[in-house]
Amino acid sequence: MDGDTLYSIGELAQRTGLTVKTIRFYSDRAIVAPTDRSPAGYRLYNIDAVARLDLVRTLRELGLDLPTIRKVVDRELSLPEVAAAHAEALAVQIRVLRLRRAVLTAVAERGSTPEETELMHRLAQLPEDERRRLNGDFLDAVFGGLDAAPAFAGVMRTMTPELPDNPEAEQVQAWVELAEMSLDPDFRTMVRRMVEDQAAEQTRGATMVPRRDITAAVRDQAGPALTAGIDPASPEADPIVAAFTAHYAHLLGRPDDIELRRRLATRLESVNDPRRERYLQLLAVVNGWPAPESLAPVFDWSVQALRVRTQQ
């Protein structure tokens, strides 16, 4: 292509793939100015116009507005600076779209009422400091007065959702559901009761070494029995039940009798509340953790085994 050659709008359209109307539009706004005019008054352009039009088309496809594009092609603005600012703006738009998608997906899947939809929308749009405050209120309601114990400080950290800066739609949706659960007074009361039960177990007895939580003991003892297909009502289950009830008796400093086993059955039924497991599942999604193992089958087996052995 000869650098001295001038091209009409029609010829420029053929070389760039843009329409004559589009080139004339850019020319009228001095984004791609003509180099000269023909004797008949038609606009003529040199080789630089091809490069400018290619850049203009690229920037338009990336979503830049015409005033900004004009400043870029005229070198009034640095292209890297413009690109950085535009990328940041797009990141905000993407986050907003993800939030909207998460809310709409939740509405579609859950059949939410207009009131629930409004709540989800407001929760999804909370800034980071408000999200932290909401979670802090929940943890205060659950652990208030007990959070000084080292064991509970660790538990509180594992119950804290940390939504990333650029969350996926599934993470946003999970966080919204977590927020709804944390605002539910019944859920707060249920979790508080479980924490108080655990605190009581940790403070009783005379042992000087850290004691394993009863739910961990039940999991370790009953899990293999469940996998092996042992009937919880069978004699084969007797030594398994005896092992975790002995651990519970040791925690409470009480004898392993019928009353203790009934108390343990009630404790495991409380821990086995589906809302607790759902909270942990959602927490894993928000924080990008592996999905937690469901302990519901183990607790079901253990409760059944205890109830059978405490009937009168």
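Just so you know, these numbers come straight off a predicted model, no measurement behind them.
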> Evaluate side chain to side chain contact (heavy atoms under 4.5 Å, CB included) for Tyr279 paired with Met159, printing each intermediate quantity in order.
CA-CA 9 Å; Tyr279 186 94; Met159 291 185 66; 4.0 Å; yes

> Using the ring centroid of each side chain, check whether Phe138 and Phe143 are separated by less than 6.0 Å.
no

> I'd like to know if Val195 and Leu183 are part of one continuous hydrophobic network [Ile/Leu/Val/Met/Phe/Trp/Tyr, side-chain heavy atoms within less than 4.5 Å].
yes

> Under 4.0 Å between a Lys/Arg side-chain N and an Asp/Glu carboxylate O for Glu269 and Arg307?
yes

> Would Leu178 and Val286 count as a side chain to side chain contact (heavy atoms under 4.5 Å, CB included) if you check the C-alpha gap in whole Å, the side-chain angles of each, and the deciding distance to 0.1 Å?
CA-CA 9 Å; Leu178 269 182; Val286 172; 3.9 Å; yes

> Could you tell me whether Arg132 and Glu162 make a salt bridge, using a distance below 4.0 angstrom between a side-chain N and a carboxylate O?
yes

> Using atom types as modelled and distance alone, determine if a side-chain donor or acceptor of Asn287 lies under 3.5 Å from a backbone N or O of Thr160.
yes

> Grouping I, L, V, M, F, W and Y whenever their side-chain heavy atoms are under 4.5 Å apart, do Val72 and Phe25 come out in a common cluster?
yes

> Short question: side chain of Arg60, backbone of Leu64 - any donor-acceptor pair under 3.5 Å?
yes

> Check whether any side-chain heavy atom of Leu66 sits under 4.5 Å from a side-chain heavy atom of Ile31, and report yes or no.
yes

> Looking only at non-hydrogen atoms, find the nearest pair between Thr19 and Ala13 and report the distance.
C-CB, 4.3 Å

> So that I can tick it off, tell me whether Arg15 and Glu11 are bridged by a salt bridge, with the cut-off set at under 4.0 angstrom between side-chain N and carboxylate O.
no

> Using a 3.5 Å distance criterion without hydrogens, assess whether the side chain of Thr310 forms a donor-acceptor pair with backbone atoms of Leu306.
yes

> Does any part of the side chain of Leu53, heavy atoms only, come nearer than 4.5 Å to the side chain of Leu18, both counted from C-beta?
yes

> Does the Arg37 side chain pair with the main chain of Leu44, one donor and one acceptor, at a distance under 3.5 Å?
no

> Rounded to the nearest 0.5 Å, what separates atom CG in Leu134 from atom CD in Glu180?
10.5 Å

> State, to 0.1 Å, how close Arg276 and Phe187 come at their nearest heavy-atom pair, and which atoms those are.
N-CE1, 4.3 Å

> Nearest 0.5 Å, please: how far is CZ in Arg267 from CZ in Arg193?
11.0 Å

> Give the intermediate values and the outcome of side chain to side chain contact (heavy atoms under 4.5 Å, CB included) for residues Asp65 and Ile69.
CA-CA 6 Å; Asp65 59 271; Ile69 289 175; over 6 Å; no

> Locate the shortest heavy-atom distance separating Asp231 from Ala233; write the atom from each residue and the value.
OD1-N, 2.9 Å

> Do Glu177 side-chain atoms and Ala174 backbone N/O form a donor-acceptor pair below 3.5 Å?
no

> Check the hydrophobic clustering (I, L, V, M, F, W, Y; side-chain heavy atoms under 4.5 Å; chains of links allowed) and say if Ile47 and Tyr26 are grouped together.
yes

> Which heavy atom of Leu260 sits nearest a heavy atom of Thr245, and at what distance?
CD2-O, 3.7 Å

> Considering only NZ, NE, NH1 and NH2 on the basic side and carboxylate oxygens on the acidic side, decide whether Asp257 and Arg309 come within less than 4.0 Å.
no

> Using a strict cut-off of less than 4.0 Å between a Lys/Arg side-chain nitrogen and an Asp/Glu carboxylate oxygen, indicate whether Arg262 and Glu259 qualify as a salt bridge.
yes

> Measuring from atom CH2 of Trp289 to atom CG of Leu283, what distance do you get when rounded to the nearest 0.5 angstrom?
4.5 Å

> Nearest 0.5 Å please: distance from the OH atom of Tyr7 over to the CD atom of Gln14.
11.5 Å

> If you take all heavy atoms of Gly144 and Arg192, which pair is closest and at what distance?
O-NH1, 2.8 Å

> Establish whether Leu264 and Met190 are linked, either directly or via other cluster members, by ILVMFWY side-chain heavy-atom contacts under 4.5 Å.
yes

> Donor-acceptor pair, Thr16 side chain versus Val50 backbone, under 3.5 Å?
no

> Side chains of Leu282 and Gln171: does their closest heavy-atom pair fall under 4.5 Å?
no

> Applying side chain to side chain contact (heavy atoms under 4.5 Å, CB included), run through Phe299 and Thr215 and close with a yes or a no.
CA-CA 8 Å; Phe299 292 145; Thr215 58; 4.0 Å; yes

> Do the non-hydrogen side-chain atoms of Arg70 and Arg29 ever get within less than 4.5 Å of each other?
no

> With distance as the sole criterion, is a donor-acceptor pair present between the side chains of Asp186 and Thr189 under 3.5 Å?
no

> Kindly compute the distance separating CD (Glu277) from CG (Asn272), expressed to the nearest 0.5 Å.
7.5 Å

> For the atom pair CD (Gln221) and CH2 (Trp301), what is the distance rounded to the nearest 0.5 Å?
9.5 Å

> Applying side chain to side chain donor-acceptor pair (under 3.5 Å) to Ser27 and Tyr45, what does each step give before you reach the verdict?
CA-CA 10 Å; Ser27 184; Tyr45 301 85; 2.8 Å; yes

> Counting C-beta onward and ignoring hydrogens, is there a side-chain heavy-atom pair between Val241 and Arg261 closer than 4.5 Å?
yes

> Do Asp54 and Arg57 meet the salt-bridge criterion of a basic N to acidic O distance under 4.0 Å?
yes

> So which atom in Ala291 and which in Ala284 form the shortest heavy-atom distance, rounded to 0.1 Å?
CA-CB, 4.4 Å

> Short question: side chain of Arg52, backbone of Val73 - any donor-acceptor pair under 3.5 Å?
yes

> Less than 4.0 Å between a side-chain N and a carboxylate O, is that true for Asp28 and Arg43?
yes

> Say whether Ile240 and Val308 are linked into one hydrophobic cluster, either directly or through other cluster members, by side-chain heavy-atom distances under 4.5 angstrom.
no

